[in-house]
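No experiment lies behind these values; they were computed from the predicted model shown. Whatever order the structure lists them in is the order used to number ligands and atoms, beginning at 1.
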Amino acid sequence: MKLRVDEDICIGCGACQAICPEVFDVDGVAKVVVDEISEEVKDDAIDAMEGCPVAAIVEEKEEEK
Ligand code: SF4
């Protein structure tokens with residue numbers, strides 16, 4: 001599973017980093033700091049994605065590349 005943050009939408013609230021610091025780093029806007037979301041942090045990463053107030057975190061599907 002791969003995630004990315006749409007930096008045009010992100011408001012830098014920091015919620016994703018608070019929920020899943022292994023995956024998200026917020027410095028102005030959020031960034032995904034891992035290439036692939038590991039099974040260990042996947043549930044937290046999904047919680048962060050669903051908890052983003054502006055839905056800036058999106059899953060990157062392989063076929064969309
Ligand atoms: S929760 Fe959403 S809006 Fe907030 S910093 Fe993370 S990606 Fe940006």
Side chains of [X] and [Y], heavy atoms from C-beta outward: is any pair under 4.5 Å?
X	Y	answer
R4	I57	no
I37	L3	yes
V5	F24	yes

Could you find the nearest protein heavy atom to atom 7 (S) of ligand 1 and give me its residue, atom name and distance?
-> I57 CG1, 3.6 Å
State, to 0.1 Å, how close A18 and P21 come at their nearest heavy-atom pair, and which atoms those are.
-> O-CD, 4.2 Å
Got a salt bridge between K2 and E59, using NZ or NE/NH1/NH2 to carboxylate O under 4.0 Å?
-> no
Under 2.8 Å from atom 4 (Fe) of ligand 1, how many protein N/O/S atoms can be counted?
-> 1
Please walk me through it: do E40 and E22 pass side-chain contact (heavy atoms from CB on, under 4.5 Å)?
-> CA-CA 10 Å; E40 293 82 53; E22 296 86 353; over 6 Å; no
